[in-house]
Amino acid sequence: MPKAPELSVVIPVYNEAENLPPLFQRLTHVLDQQGLSYEIIFTNDGSHDASLDLLKKFHNDNPRTVRVIDFHGNFGQHMAIMAAFEQARGQTIVTLDADLQNPPEEIPKLMEKIKEGFDYVGSYRHNRQDSFFRTHVSRLVNWFRETTTDIKMRDQGCMLRAYSRQIIEQIVRSGERSTFIPALAYKFSGRPTEVEVKHDLRVAGLSKYNLYRLIRLNFDLITGFSLIPLQLFTIFGIAVSGLSGLLVLYMLLRRFIIGPEAEGLFTLFAILFFLISVVITGIGIVGEYVGRIFQTLSQRPRYIIREIIEKK
Ligand code: UDP
Ligand code: MG
């Protein structure tokens with residue numbers, strides 16, 4: 001059993017062949033300068049470009065410090081990180097994107113905070129370099145998460161973060177399925193803090209997140225950490241039934257006093273359509289939770305590892 005390093009750096013990789021060589025070069029440069037013992041764990045999340053070959057080469061050139069987990073398919077960024085957490089041996093664990101949007105040069109800043117005694121060091125991006133659409137939708141989602149869950153973080157999307165070993169062990173033990181790692185870690189943290197980090201444009205390739213995947217991720221985040229959507233729904237239901245009760249009473253009295261009425265038909269339709277759409281949304285929200293229960297109960301593995309390439 002190799003001795004535990006002070007730091008494990010965890011990097012999920014999905015078709016990042018062009019970014020890997022500069023990333024590896026910059027990362028090892030920074031880590032070597034720090035003078036602490038480290039390991040780098042890459043998870044190849046089912047890439048179909050040359051990523052895996054590059055990772056194998058990194059390992060062959062640096063068998064002591066580089067470990068590669070090769071997934072059997074694409075299981076998503078967060079599962080790729082989760083698998084690496086299970087393997088990580090470091091006292092501190094840092095997560096990083098492979099596309100160089102998170103500059104490795106910021107890692108010492110995170111380590112500083114860990115040394116000060118924080119067990120969770122989050123980050124928010126200074127001058128975020130993403131599309132106008134992404135940046136603004138993110139703001140909205142950040143706000144919604146902030147109001148519906150008790151997870152406080154300025155920028156949920158930034159993956160350049162450092163965690164203490166205890167938090168990672170908790171996460172691994174919890175065995176959660178579809179999960180948002182920074183939020184889960186925050187839950188288990190006793191002393192969290194945040195630092196500002198630089199953010200660069202993606203150097204090569206495209207973002208792996210399309211609109212659908214972003215929506216899924218955010219649903220997971222909210223239904224995974226809060227029951228407020230369900231509760232809001234119940235409260236709304238109670239309020240609407242109160243109001244419609246009053247309306248029925250009014251119509252009844254009116255019928256006795258003035259007689260039956262036939263106008264206002266389309267107002268009625270409008271109200272009806274609105275309520276039907278609310279009901280459909282409600283079924284959707286309930287479905288999110290049912291789906292979550294279903295996934296948790298099913299015994300299927302969260303991810304399948306083809307091979308772990310490391311020095312035995
Ligand atoms: N990633 C992954 N599996 C996926 C999608 C993304 O391992 O299914 C990795 C990707 O290679 C990168 C990180 O997760 O290292 C962040 O992905 P991306 O840059 O596409 O996300 P964005 O910066 O647009 O949020
Ligand atoms: Mg990116």
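Start at 1 and go down the list; that is how both ligands and their atoms are numbered. Basis for what follows: all heavy atoms, side chains included, without hydrogens, waters or symmetry-related copies.
Note on ring orientation: taking the six-membered ring where Trp is involved, the planes of Phe233 and Phe236 are tilted (angle from 30° to 60°). Classified by interplanar angle (parallel below 30°, tilted 30° to 60°, perpendicular above 60°), the ring pair Phe75/Tyr303 is perpendicular.
A salt bridge links Lys109 and Glu106; the closest N-O separation between the charged side-chain nitrogens and carboxylate oxygens is under 4.0 Å. Between Lys57 and Asp61 a salt bridge is recorded (basic side-chain N to carboxylate O distance below 4.0 Å). Under the 4.0 Å criterion applied to side-chain N and carboxylate O atoms, Arg165 and Glu169 are assigned as salt-bridge partners. Under the 4.0 Å criterion applied to side-chain N and carboxylate O atoms, Arg173 and Glu86 are not assigned as salt-bridge partners.
With a cut-off of 2.8 Å, the Mg ion (ligand 2) has no N, O or S atom of Ser207 in range.
With a 4.0 Å cut-off on non-hydrogen atoms, Arg202 touches ligand 1 through its side chain and not its backbone. Contact annotation: for Asn15 versus ligand 1, there are no heavy atoms closer than 4.0 Å. Within the 4.0 Å heavy-atom criterion, neither part of Gln129 lies near ligand 1. Looking at Asp45 against ligand 1, only its side chain comes within 4.0 Å, counting heavy atoms.
In terms of protein heavy-atom proximity, atom 21 (O) of ligand 1 is closest to Tyr209 CD1, 3.3 Å. For atom 5 (C) of ligand 1, the closest non-hydrogen atom of the protein is Lys208 CB, 3.4 Å.
Geometrically, ligand 1 and Ala80 share no nitrogen or oxygen pair separated by less than 3.5 Å.
When the N, O or S atoms of Asp99 are ranked by distance to the Mg ion (ligand 2), OD2 comes first.
At least one heavy atom of Arg213 sits closer than 4.0 Å to an atom of ligand 1.
Figure legend: Arg292 and Tyr289 shown without cation-pi pairing, the cationic atom not lying both under 6.0 angstrom from the six-membered ring centre and within 45 degrees of its axis.
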